[in-house]
Structure formats: C-alpha cells, structure tokens
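Here the structure comes first, spelled out in structure tokens, and everything after it is commentary.
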Amino acid sequence: MTVLNGQVEPAALDRTPALEARDIVKRFDGVHALENACLSVREGEIHALLGENGAGKSTLIKVLTGIYSPDSGIMYRAGEEVEFANVRVANRAGVVALYQELSVIPSISVAENILLGEQTPSRGGMVQGKKLRRRARELLESIHQRVPLGMLAADLSPVQQTMVAFARALATDARILILDEPTASLTDTEIKELFAVLRSLRDRGVAIVYVSHRLEEVFELCDRLTIMRNGQTIVTKDVADSHIDEVISTMVGRSPGELYPDRGTATTAVALSVKNLDGRRVKNVSFDVHRGEVLGIGGLAGSGRSELLRILSGAQKHAAGEISVAGVPLPHSPGVGRALNAGIALVPEERRSQGVILGASIQDNIAVANISAVSTLGLVSGARIADITGRGMKDLQIKARSSRQHVSELSGGNQQKVVLAKMLARKPKVLLMDEPTRGIDVGTKAEIYRLIRQLAAGGTAVITVSSELPELIGMSDRIVIMHEGQISGEVTADEADEEVLLAYCYGKADSHDNFS
Amino acid sequence: MITSRNPGLEDLTDTRAIPRRSVGQTLLASGTVLALFVLVLFFFAMRPDVFLSFTNVRNILYQVAILAIIAGAQTIVMVVGDFDLSVAATSALAGAVAASLMLSGVPISIAILAALIVGLLIGLANGLLIAYLNLSAFVATLATLTSVTGLAFLVTEGTTLFNLPTEFNNLGQGRFLQIPLPVFIAIGISLILWFVLRFTTLGRRWYATGGNVEVSRLSGINVQRARLLAFTVAGLVSAIGGVLLAARLGSASAVQGEDNLLFSVAAVFLGMTIVRSGAANLVGTMVGVAIIGVMSNGLNILGVNAYVQQVVTGLIIIAAVTLSSFKSRGR
Amino acid sequence: MITSRNPGLEDLTDTRAIPRRSVGQTLLASGTVLALFVLVLFFFAMRPDVFLSFTNVRNILYQVAILAIIAGAQTIVMVVGDFDLSVAATSALAGAVAASLMLSGVPISIAILAALIVGLLIGLANGLLIAYLNLSAFVATLATLTSVTGLAFLVTEGTTLFNLPTEFNNLGQGRFLQIPLPVFIAIGISLILWFVLRFTTLGRRWYATGGNVEVSRLSGINVQRARLLAFTVAGLVSAIGGVLLAARLGSASAVQGEDNLLFSVAAVFLGMTIVRSGAANLVGTMVGVAIIGVMSNGLNILGVNAYVQQVVTGLIIIAAVTLSSFKSRGR
Amino acid sequence: SGSGGEGSGSGDGDEPFKVIAFTSGNQTPIGAWWVKAVEAKADELGWDLTMIQGDFDFQKMNPAVESAIGQGADVILDGYTDVASIGSIVTAAKDAGIPIFAMDSGTEPTDAFAINITTDQQGIVDSTVGALDESLGGLEDKTIMVIGHDPHPGIRMRSGLAEEALVEAGATIAGGEIQKVASPATGRTEALAMVADFLTANPGGLDGVWVGWDDAALGAAQAITEAGATGKVTGVDATSEAIAGIQAEGAFLVTVEQPWPSILDSLIEHILAYQEDGTIPEKSFEAVGTTLVNVDNAADITPSDKLG
Ligand SMILES: Nc1ncnc2c1ncn2[C@@H]1O[C@H](COP(=O)(O)OP(=O)(O)OP(=O)(O)O)[C@@H](O)[C@H]1O
Ligand SMILES: Nc1ncnc2c1ncn2[C@@H]1O[C@H](COP(=O)(O)OP(=O)(O)OP(=O)(O)O)[C@@H](O)[C@H]1O
Ligand SMILES: [Mg+2]
Ligand SMILES: [Mg+2]
C-alpha cells in the first residue's frame, strides 16, 4: 500500500479524472473538517470514500457539490479547473449527490420529490404533469420500486424515502454521482437493487463516489477506494489490492481488534418480562430478557420491531399486554418518564429527529434525559451536568471540541454516542437500542459492541434491533425474529445462522419449538 | 441476507390505480369545511328568509372580496413556510399612494401602476431581507409593517384622502351582472394564484421550499430566489387589494383595512387544515375566508352585539380548527 | 471501560477546562447589543444634556417597565417554540377585570387576585388548546386574542374605567428611592423568569421542548405539561403586566397596551440573536426591550415627527437584526 | 409659580413661562392641527413649550408628561385626551401644584382640570336628531340605527343621548341597541358592513342612521347608497369628505362643526389670565355650542381636517 500523505497515488493520474479535488481545506469555527483532502474519481468506476465518523467525508462531498466553498484547494472537472458556487452549478456540471440523512420533502408528493427544481418537466414555466409522472415512474421502476406517485412523502416508510431520494439523484443526468451512506437505512433487497443500478451506471461511464461504513459492501461493489482520516486523504488504491483489516487499520490509525467481543454469561434473573403485547403493528408478543443478557431482535423492515421498542419505552401507547421490570409490572402505557424511572431506556432509531436536539450543546442534550439527576429541589446544578457530561464523553470517547459544542456540528457517529451517553447516565436496567450502529464507522461499531457487552456484564439487560444479520449474530446472546408484528422464531446465538434467521424473517416458522 | 418488501404497504402493482381522492371528497372529509357548512346551516336556520338570499350572498362576497385578495398574498408567503405581517400595511400604503397621485392630477392608470410598484418594492424589500440577509420573516415583516404604516401616514398626511375620480371608484363600486366588480377581481386573482401554485414550476418550487428548505436547496432549487419571489408577489397582490379597497371606499387612509392582517392569517391557517400535508393552499384559504365572511355577516344579521361577536368569532375559529384536528387524528 | 481511543482526539479529560465565555463577552460579541450601544451613543451625541440624564433614564425605564413584563411572558412561550398573540389582550382584560371589580367595591387585593386568575385561566386555555388539542399556537392564540378582546370590551363596556383607589394607583405610580415602582416590579419579575429559565428543571424542560419536542418526549419529559405550563405562566405574567398598566395609568380600557403584542415579539426576536443557539432568552429579550425603549424615547427627545418616527423604528429594527446576522454569519 | 426648571433660561428673575402641552391623538388631522396651533401660539407668546404627542399610547405618553412635570412647569395644556386615561398625570400635576387647562378632555365636570372646554354634546344631538326629524317628516315609528364607538367618551356620550332623544321622539332603534364599532381604524368598513347587513336582513327597514363621527357615517351612507335604500345619515366632525357628501345631496344629511380654533383661543385666554395673576377660571367645565352643517351652509364651513 502506498501511503502518500495528502497526495493521490500516481496511478490515479494516468487518465484525466472525471472529477478531482486537490488539497481541499475547510474549517468550521476552529474545527479542521478538511485538511488537505484529495479525491480523484474516474469515469466508469465506483469509488469508495472511507473513513471513520468525523473523518470529513460528508464535508468533502459538500465541497465537491458547491454547498460549502473551501477555504483553499482546487477542483477539476474533466481536467478543467472549476469552482461550484452552488448546487445548481455543480449539478449542471454533472456532479450530483445524494446527501447523508437528508432525503425527502414530506409535504409534497413522491413524483414531485423525484423531479425537483430544474428536473421538473416543464414548458413555458408550466409543469407537464403527465411527463412528470411518467418520468418519475420510470425512475422508480429502474430501481424496482413501487411507490404510489401521488402519495405524500411523509407517508412513506424510511426505506421508501431513501429510495425516492435515490431516484431523485438518478433523475439528473449525473456524470459524477456521489452517494453518502445510501444504505444506512436500507434492507438487503433495496441494497441489491441499488447495487445493480450503480453497476449499470458505472458501465455507462458514470463515475460514482460511494460512502459507506459497511465494508463488506465496499468490497462487493467498488473498484477503488480512498481512505480519509482527520480531514486528510491517507490513501487511494484499487479494492482488489486491499484487504479489509488493512483498510480498517488505515481508517482508525491502528490495527483492528475483534469486531465482536466475547459473549458473557447471562443470569437467570428476569429483567424485563413482556406478556401478550398488542399494538398497532405488534401482535401478541411475549418474551423475557434476563439480567446480563443481550437480546437481538431481527426482522424485515416494517415487521414491527421499532414499534415494539417504542411501546416498551413508553413512547407509544399500546392496546393490551403487560410489561414488568424485575418482576414489578408497569402501568398500562406508562409514558416515557415512568418507563425511564422504572429502568427502561430507549436509544431511538432516528437519531436526528428523535435522538438529539441538534441546536443544543452536548451537555444540554445529556441533561435533557437526566433532569432529576442533576437537580435538587427543582434547581439544576451546572456542576452536576458538567460532571455527568464529562463522564459520558470520556466513557464513550465522544469526539468534540468541548461539551458545549452544538450537536449539529458533530459527525453522525458522535451524535449517536451523545444519545447513548444521555441514556446510559440513567443507569437503565433495560436498555433498548433501535439500529444502534446505523451510519457508524467500524471502529465506533466495535466500541458500541464492547459497550453493550460491558453493560451486560454489569447486569443490564440489552435489547438491540438490527437489520444486519451478521451484527445480530455477532453481538447477541439470543435472537428473536419478528414477522408482521409477531415473534416468528427464537434462537440462541450459538445455533444462529443467517439462513435460519432469514426463514424466520419471512415467517416460515416451521422448524423450531421454543416460542415464548 | 434479509430481503424485504415495502413495509406495511398494500401491494400497489399499478401506481396509477391508487384511489386518488377527488377535490370534493377531500373537502368533505375536512373538519374546516364541515365547520363552514355548519355555520351556513345555522345562520340559514335562524334567518331562512334572508341568509341565503341573492342580496345577502352578494353582500358576503362583496365584504370578503378584498380580504380574499390579501389572504391570497398571505397564502403564497405561507406556502414557502414564512409569514408576512406587512400585507395589510402594504395594501394601505398602496391605496394611499394611488389616491394621493390621483388627487394631484396623475392619470388613474399611472397612479394605480405606481401603487402596484410600491407594493412590489415593499415585497421585494421583505424578500431581500428574509431570503438573502436571513432575517426571520417575523421580525423583517414586523419592521416593514411599522415603516410602511409610517410612510402611509406621511403620504396621507394623517388624513383620509377622498374625492377620487369616479372611474377609479367604479373599480371598487361598479357592478357587472349585478355582482360588484371586486368580487370578479378577487375571483380572478385567486384563480391566477391557484393556477400558479398548482401548475407552474414556480409553484412547485414554492411548495418544495416550504416543505423543507434544506432538501430543496440540496436538490438544486434556488430557494433564495423562490422566497424572494414569494414575498414580491405577495407585496404586489397586497397592493392590488389596497388599491381596490381605496376604490371600494372611495377614500384612502393610513390604517385602512388593518384587520385584514389577522384575518388573512386566520384564513390561511383554517385552510391549511383541509389538506393532508398541512401546507397552505389556495382552496383552503378561500374556505377560511368564507368562514370569516359568513361568520361576521351572519352575526350581523342576527343583530349580535359587536363585543359578543368578537368573543364568538374567537370561539368559532377554535371550534373549526379543533374539529379538523380531531378528524385528521382519526387516521 | 472502553479502551479504544479515537485517534486525533484532543484528550478531553476535563471538559470543564473549556474556556467559558463570560456573559459580558457573549453580550459584546452580539450585533444586537452593538445596535443598542450605537443607539445610545447616537442619542447621547445629539442631546448630551438630556438623553443620559437621571430623569430621562428613569423615564425610559418607566416607559418600558410594562413592556418588559409582557415580553418576559412572550419569552417563555417562545422558549418552548411557540408564539402567544394573546399576551397584550390578556393584560388588557386583566386590568379591566381588576378595575371593574374595584369600582364595584371589591377590596384591592381580591380584585388583583381575580385579575391574575383570569390571566392564568386564559393561559391555561391556550395551553390546553395547543399542548393537548394540538392546535397551532398561532391560530389558537389568535382566536383567544379575538375572544379576550371581546371580553375586555364587555367588562369595560367599551369605556375607559377610572377613578381607581389611590392605593391601587400607587402600585403603578408610586416611587421608591425616586424610581417608579413598576421598574422594580419589572426587574423583579424578569429576575424570577430569568432564574426559572436558567436554573430550574422547569426551565430546562422548556428549553428542551423548544429544542425538539420529539426528542424531549423520548427523553422522558412530559412535553404536553411543559407547554401547558409555559402558556399558563405567560398568561399569569401578562395579567401582572396588565394590572400594573392599569395602576400605572390609573385607568383600564379594552385596548390598553395593544402595541405590547408586536413590541414584545420584536423584543424577543431581537434577543434571540444574541445567543449562539438562537433560542429565546431573557437577557436577550431585555436587550430588545431596551432597544425599543431607547429608540422611542430618543426619537421623541429629538422631536422627530411621529410618522417619521414610525418609519425610522422599522428601519432600526431591521438594522439591529441585520447587524447581528452578519456577525453570526462570519463564523 | 412652577417648581423651578433646571437650567432653563439664563436670565435672572423673568424666566419664560413654562408650558407642557400634550395630546393623545396626533395621528388624527385635528390632533395634528392642534399641535401646530399650540406651537404657533407658544411662539407668539414667548412660552417655553414642551410638546408631547401620545399617539393613543398612554403607556408611552403618561411617563413622558410626568417627567416633564417633574422638571417643573407653570401650566399644563391637554388637547383631546380623556381625563380617564390620564389619572397618573392628573395626580402628578396636583402634587406639583400645576393646573391643567384642557379642551375636549371629557364630557363631565371634574376637579382634575382648572378648566375643560368642550362642545355641547346635547346640542350636537339636538341639532342632528332635529335634522333627521325634519328630513324624515317626523320620527314617530321610524327605524333609526345609532352607531357609536365606546372608547371615545365624546362619541359614547352623544350616542347615548341620541338614543334617548330618538326613543323619546317615538323612533325605533334598529337592532334594539346602539351598534358599536370596535376599532376606529376600520370604522368605515365596519359601519358599511353593519348597515349593509341590516338592510339585507330588513329590506326597506331603515329610515335613518345616526352616527357619532363622520368617518363611520361615510361608511353608513355608502351602504345605503349601494343598497339603493332611501335612509338619511348624520355625522359629527365636519370633515371635508362629509361636507362633500352633504353637498352631493345623497344619503349624507348633516354633520356638526365643532369650533376648535375658538375653543383653543378661549383656553389660551384663561391661561393668560392665570399667567397674569394666578386666576383660576370660575367654572371648571364649559360646553360650547356647535354649528349644524347642512347643504345650505356646507360651502362656508372650514372642514375640521383643513384647520391647519
Ligand atoms: N457545520 C459544521 N460546523 C462545525 N463543524 C462541523 C460542521 N460540519 C462538520 N463539522 C465537523 O467536521 C468534521 C467532519 O465531519 P463530516 O460530517 O464531514 O464527517 P464524516 O466523515 O461524514 O462522518 P460520518 O461518517 O459520521 O458521517 C467533524 O469533526 C464535524 O464535527
Ligand atoms: N408503510 C409505512 N408507512 C409509513 N410509515 C411506516 C411504514 N412502515 C413503517 N413506518 C414507520 O417506520 C417506523 C418503524 O415501523 P416498524 O416498527 O413497523 O418497523 P421496523 O420493523 O422497525 O422496521 P424499520 O424501522 O426498519 O422500517 C414506524 O414508526 C412507522 O411509523
Ligand atoms: Mg458523513
Ligand atoms: Mg425500525
């Protein structure tokens, strides 16, 4: 591996790159988001852009598409120096991006979402409605999606929203297509369809930049990769010449340990018991979790996992059923406050809309879930907030300038850690985590797995929902699978393999016995 | 590997087969429209001889015509997700400018043109402050409201300007087929705005911007220009309303039509409840305007004391909106 | 404990070691505060003999005391991310209730208590509509504004009630150490609100709710109760302002202090520009109130024509806010 | 007298006569005229004048006036500001021992003022109701609408008197009570809608509209004209628009001219007497007569918005 500090490997220069960025510097208020970042992508390749959370990938993309103007650095489009004043200019130059965690406009229809702005078919300022729907349908069909065109985007599931946003990116005649963690909230069918589309685009000569924390995907899909660390480009090389461990160690600047820590030994004391729970999407669910146990919950998108966790955490009302913590039954639909006091804490699925207050500081975010803990007689103690924040930031290695930095300025992974920190400060008996590693880099993932284990070792019962089967198998002691709101199967981690789990995911509950 | 289908969604093999609710269905499903019907029925039951008579319906239309225009302006701004507190002040200034120019001998058409340009410029100023200098719409238009009212006082010298040319007054007081001209003008402007919002790329851009500025910006919409245009159009339309109000009253004062501000906002809010997306929309606004018009006319006809009317007006607005929020929560 | 470290991370062993900006630094860094200084300097330069004299400063304080209280109420509601358009109307009704009870022989303290309860109940109604029935704060308080004004007209029978007991009037007109009592009361209420917002769990809950309702709910905050409380407190504080205004003027009318609505919103908005987070905050609001007070007093002292004053007021608000938006964009 | 202004007048002994003048209504044409007229008089008489304009915002005006009082003055001049709204000023003036000379500042005698000269409300009502009576050929069984505006004490008082007079003359009050306009800013449109709606609900059922001030009367007249009805409208104020309406001989029947310039003149006389030797007027309340403006004398009347 040729590590050239801040330099692109000479091999990359043999053809005129479709898009090249050299020595890009971008600072925010003292944060060096990019420090001599370089990227060079060729026509007809899928180019992975890798790096841990906060490495500067999203910032680089925003510079490449004219959203941020760099403090210094040069960009070339097909060998010509360019400056993109705004997104439109970049789009017209054929550079189009699907941005991280920004997808659809909820209040307008699917078709309108797909063909926004300059893409809207029009004549003389008038929208051509028929053409709009036809184009939108074609685009959706090209990614094998069937979403009603007239539906409001607000009514779509998260998966559908991502696919609609992807269709929008395809609507532009992109010569350079940049995708910032497109698969973070997708399940495997969509991922496969996405990959097929990306490959066919590549074959048509489109240059694709692909950001993902799922390295298996990168090795399956990409031709070359660029690794960033702390705002700098560390290396660009062919995927064929790379090994996954080496990529990881380059990303994090040290050699990777085991991704999944060793399992612990669960006790037999029941921490959480759920009996005959019924809700909108959840039907007759019963199970127990023990102290010190890690229970994984799998299933297809929409199978009701998130709703189950939301009911358990008191965030959503339910129709019937009983929940008890350490033998003590909770009142019906207790509300989040009482569930938290009883020891159930939820790390929700949608970080930005449910997990953190973006416009508030890290310490204020942590305080929100711990108001009673940091106050006496209704008065809040700044020292105690600083104390639990300091501890949380240290324990979870939150990367930030200070505890007063706004969460909106943190990278996705660090935002997720803030959510974890605020809930862990409650010292929950039962920790519910909905897709806790979505959008999180491998290094941080390993940290979170270790943290989960460590919590379990301390007696916490942990329930994690995940759509990634290897993750489910790797970190759980026991796995239950949901199908259309019901538990369709349960296996211990030792006997789990992906095939069995998949069968349960589709509700093929033929084989096993031990349903609770 | 997990493979999945679209969650919880009926299998929609043909996307065109989705039952689209017709406009009629949408309207009937809305609590706000229901509230309007209830009001009409109530007043009709109380005064069957009068309330739905031709004269009275014409009366109602005449009384709300200018509010409808101002509410149309407000709708556009609220489509892009902002507010305009200066609509009524702008309309008053436009009326005052037209009147004062006509009184000083300027031809009617030029005076009207000047008034419209003044409205347009105020809208432009609002738009620049909000879209390009990133001021909050609330502060910016609050400030404009203050300054513009001051200007209107300066233009009118604090008095009521009158003795406007008859042809000008006819614009507001003339009739065609027994219906006052302002009603036609209000309908015409509403249709144009409805058309622009619904069928033009500009309208789409406004809705996208109002739905989510950031996504719109990242999708290559020039959101700054979209917002600028929305405020400019609102200024222009408000000015039309103001000129018409001056013609309708045959006079112009600095505070004329002040209550159109709050009523226009109320109308748009009432109208927002009739669509699923909760976005401002012209049909809804007109329903809101109708509620306000019917309410005030009906209470007048019943001879309800003015102060009690005010109390009741507030309660009816709350009832209408609550009704539709129950409805939509039912989903 | 987790052993891996994030490379390239400053060792944050002690987060408290982060340099904290002092209140003074924060204030000085803000364009809005700068605007206030510029205004003060300008008027001082124009009339050095008068503007900063004890009498005039006292005058300014006296003139803004009640606005400061109402703006405090507005701040709380805006902290939870809402608006209250009914603050001024509530204050007028409270003053009217107190006055009318006193005139009918009810003891002063009971009359005041009743007025405060009326304010509290209006706030409660707003809160219930908004937090529990999910009405938009804008519509709900717009409706309350209308109804409450109607009630105030009914209570005063449209007139100005006067001849209030001297002890009552002293509350608004008396002095202590040469400073009028309302100034002390305004300072006291502001301090209490500032303290509540800053140091109590309730304040935290309000800020969290305003930051993101859903996140707050999922963090175990009873957001409905938080919003209900915010509106209720705002109603109560507005009522205090209203009672004080009645005592200050020695009279009560239905529309008394109407302009406190727009000015209170303007003050809070001006104040929001002084903090990084852009959230409503009491210190900022007081800076906003000061800008409004200095501006209006200064222009009066310079003998600026009333209409021109209005024009200039709008321009100064725009200038102040623009100044701070430039500052913060510099980042 | 006067508690000694700070730094005013460097000459010994004969400091200029210090006068504080205030009005709440400077955004009305009459208010604007008053400000100019008082300033002119002060110039002429060599007064040291402090003029405070309140713009109906007592929260702002009262402290300004009181602080001027605190700085000392000989006389206070109140134009058009209801005694009800200036309780705190009255108190401050009493404490400082400064008399208030007022015009049109309340409808009843009060010891708040050294004198308050206003117009004779009963006279206004008598002449306007009389004109209606004459024009309609008697008021017996006629339906007359009375439009008032409570916050203005003058309008409120004369509306009440008009209601009494009309009932006494045998007329029916349309709607059973005085119709109230809520805001002066929208008075004309409110009155327009009120009359239009009443006419629809009771076609041909309105013989006349008695309105407390011209702006709303113009709206009422317009409603009658538009409905093609025959009723007559009376107003008060003698604005140029009302005078023009009367001259057009349409629905607008009469209005009333209130002699503000001569009232101001006699108020100044009283002040000069006080300046001379501290004479306080004998009566603290004076209601002067007004002129009915009808089609015969309309051309000779100076409109109230053209005084300045
Ligand atoms: N608007 C901003 N203001 C201040 N700092 C910022 C801002 N945007 C990004 N940063 C900082 O810049 C650095 C790079 O962030 P960026 O979002 O580019 O990381 P990333 O590689 O995309 O991470 P992830 O994988 O978590 O998405 C981070 O330290 C982040 O805190
Ligand atoms: N078809 C849909 N339409 C609208 N919203 C949906 C749909 N499907 C799922 N959602 C939303 O997504 C969230 C998760 O739903 P649910 O609990 O059923 O799914 P899940 O098993 O967690 O799957 P995933 O979160 O991966 O979609 C819910 O809050 C739900 O409102
Ligand atoms: Mg990123
Ligand atoms: Mg989920």
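Being a predicted model, the structure only gives us computed values, none of them experimental. Numbers restart at 1 for each chain; the letters A, B, ... are given by sequence-line order, proteins then strands.
- Interface remark: C:Ile221 contributes side-chain atoms only to the contact with chain A (heavy atom separation under 4.5 Å).
- Inter-residue side-chain proximity for A:Leu34 and A:Met228 is flagged as met; some heavy-atom pair is nearer than 4.5 Å.
- Annotation: side-chain hydrogen bond (donor to acceptor under 3.5 Å, both in side chains) contacts of A:Tyr449 (sequence neighbours excluded): A:Glu471.
- Between chain C and the residues A:Leu340, A:Val356, A:Asn365, the largest count of heavy-atom pairs under 4.5 Å involves A:Val356.
- Chain C forms the most heavy-atom pairs under 4.5 Å with one residue out of A:Gly314, A:Gly355, A:Pro348, A:Ala339, and that residue is A:Gly355.
- Residue contact with chain C, scored on non-hydrogen atoms closer than 4.5 Å, is absent for A:Val374.
- There is a side-chain donor-acceptor pair under 3.5 Å between A:Arg384 and A:Thr376.
- Under a cut-off of 6.0 angstrom, the local environment of CZ in C:Arg225 is sparse, with at most 12 non-hydrogen atoms contributed by other residues, nucleotides or ligands.
- If you measure heavy-atom distances from A:Ala367 to chain C, the contacts under 4.5 Å come from the side chain alone.
- Between chain A and the residues C:Gly220, C:Ser219, C:Ser216, C:Ala208, the largest count of heavy-atom pairs under 4.5 Å involves C:Ser219.
- Using a 4.5 Å cut-off between heavy atoms, C:Phe195 touches chain A through its side chain atoms alone.
- Interface residue A:Ser353: only backbone heavy atoms are found under 4.5 Å from chain C.
- Annotation: ring-ring contact (aromatic ring centres under 6.0 Å, His included) contacts of C:Phe138 (sequence neighbours excluded): B:Phe83, B:Phe269, C:Phe83.
- Of the two parts of A:Asn370, neither the backbone nor the side chain holds a non-hydrogen atom closer than 4.5 Å to a non-hydrogen atom of chain C.
- Between the side chains of A:Glu409 and A:His406, not a single donor N or O lies within less than 3.5 Å of an accepting N or O.
- The pair A:Asp364-C:Arg204 meets the salt-bridge criterion, since a charged nitrogen lies less than 4.0 angstrom from a carboxylate oxygen.
- Under the 3.5 Å distance criterion, the side-chain polar atoms of A:Arg229 are left unmatched by any main-chain donor or acceptor of A:Ile234.
- Using a 4.5 Å cut-off between heavy atoms, A:Ile344 makes no contact with chain C at all.
- Heavy-atom pairs under 4.5 Å with chain C were tallied for A:Val368, A:Val419, A:Ile362, A:Leu358; the largest tally goes to A:Val368.
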